[in-house]
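Computed from heavy atoms alone, side chains included, the values below leave out hydrogens, waters and symmetry copies.
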Amino acid sequence: MDIGVISVRYARALLKAALAAKQEEQVYGEMQTLAQSYVHVPELRFTINNPMLEKGKKENLLLTACGKNPSKLTSDFIHLVLQEGRESVLQFMANSYITLYRKQKNLISGRLITAAAVAPATEQKLRQMVESKTRGTVEFQTEINPEIIGGFVLEYDTYRMDASVKTKLKKILSELQK
């Protein structure tokens, strides 16, 4: 069976159970933490996929990767995944849950990259602009990257607005080289 199909089925079942238990937001946070653990600790995947490591140790490791005091629902879910031998696709399940939850709650993931810190009022205006265009709630991450020199880069959904000085300078340079 396809990894994508498996991960979406498990994620959909987890979301359905979380909605019924009114724990969808907590499980969402735990799945975000788990997904980030896989990204920031590449050894996690290799350890979890190791057939020589006993399931109890894998379970403890995964529960730790979900953050402090994971919910019983998340604990039971991880136990089920390990019981069924599907731990190799758990990262995809976590990402699928995040995607399904965002779709269910009409959450838009956005990112603002600036060369220097911006005032909270400016960040709020950009958030409101994105929310008015998408008719959803925006989860906004801000990032400071001095390499863009000035201006900003705004990303949400599949949209990217690059108003950075670095990009403008590159465009000018490419025009001069023609």
### CG-OG1 distance between Leu107 and Thr99, expressed to the nearest 0.5 angstrom
11.5 Å
### Summary
d(Ser37 OG, Arg45 CZ) to nearest 0.5 Å is 12.0 Å
### Message
If hydrophobic clusters are built from ILVMFWY residues whose side chains come within less than 4.5 Å, do Ile6 and Tyr97 share one?
### Response
yes
### Task
Hey, could you give me the CD/CG distance between Glu24 and Leu19, rounded to the nearest 0.5 Å?
4.5 Å
### Query
Between Glu87 and Lys55, is a side chain to side chain contact (heavy atoms under 4.5 Å, CB included) present by the stated rule, with each step listed?
CA-CA 10 Å; Glu87 61 267 24; Lys55 291 190 187 266; 4.1 Å; yes
### Message
Tell me if a side-chain donor or acceptor on Glu131 pairs with a main-chain N or O of Val138 at a distance below 3.5 Å.
### Response
yes
### Task
Would you check if there is a donor-acceptor pair between the side chains of Gln26 and Glu30 at a distance under 3.5 Å?
yes
### Task
Supply the atom-to-atom distance Glu139 CD to Lys105 NZ, rounded to the nearest 0.5 angstrom.
12.0 Å
## Note on the structure
Closest non-hydrogen atoms of Ser96 and Val8, given as atom of the first, atom of the second and distance, are OG-CG2, 3.8 Å
### Task
Taking all heavy atoms of Ser71 and all of Val27, pick out the closest pair and write down the distance.
OG-CG2, 3.9 Å
### Query
Within the side chain of Lys58, is there an N or O that forms a donor-acceptor pair under 3.5 Å with the backbone of Ile48?
yes
### Summary
In this structure, NZ of Lys170 is separated from CG of Leu173 (nearest 0.5 Å) by 10.0 Å
### Query
What orientation do Phe77 and Tyr10 show, parallel under 30°, tilted 30 to 60°, or perpendicular over 60°?
perpendicular
#### Entry: Members besides Leu176 in its Ile/Leu/Val/Met/Phe/Trp/Tyr cluster (side-chain heavy atoms under 4.5 Å)
Ile172
### Task
Might you work through the salt bridge (Lys or Arg N to Asp or Glu O under 4.0 Å) test for Arg127 and Glu123, ending with a clear yes or no?
CA-CA 6 Å; Arg127 179 190 313 267; Glu123 184 180 325; 3.4 Å; yes
### Task
Please assess Leu34 against Cys66 for the test side chain to side chain contact (heavy atoms under 4.5 Å, CB included), listing each intermediate value before the final yes or no.
CA-CA 5 Å; Leu34 180 60; Cys66 288; 4.1 Å; yes
### Query
What closest approach, in Å, do Pro70 and Ser75 show between heavy atoms, and which atom pair accounts for it?
O-OG, 4.0 Å
### Task
Show your working on side chain to side chain contact (heavy atoms under 4.5 Å, CB included) between Thr114 and Thr142 and close with a plain yes or no.
CA-CA 8 Å; Thr114 57; Thr142 56; over 6 Å; no
### Task
Could you name each residue pair satisfying ring-ring contact (aromatic ring centres under 6.0 Å, His included) that touches residues 143-170, not counting sequence neighbours?
Tyr156-Tyr159
### Query
When rounded to the nearest 0.5 angstrom, what distance separates CZ in Phe140 from CG in Leu154?
5.0 Å
### Message
Can you tell me if Glu25 has over 12 outside heavy atoms packed within less than 6.0 Å of its CD?
### Response
no
### Donor-acceptor under 3.5 Å (Asn106 side chain, Arg135 main chain)
yes
### Task
Locate the shortest heavy-atom distance separating Asn95 from Ala35; write the atom from each residue and the value.
OD1-CB, 3.4 Å
### Summary
Scanning both residues in full, the closest heavy-atom pair of Val153 with Ser164 reads CG2-CB, 4.2 Å
### Query
Taking everything shown except Lys103 itself, do over 12 heavy atoms lie less than 6.0 Å from its NZ?
no
### Query
What is the minimum heavy-atom distance between Val165 and Gly151, and which atoms define it?
CG2-N, 4.2 Å
### Leu62 and Leu82, any side-chain heavy atoms less than 4.5 Å apart
yes
### Query
More than 12 foreign heavy atoms under 6.0 Å from CD of Glu143: is that the case here?
yes
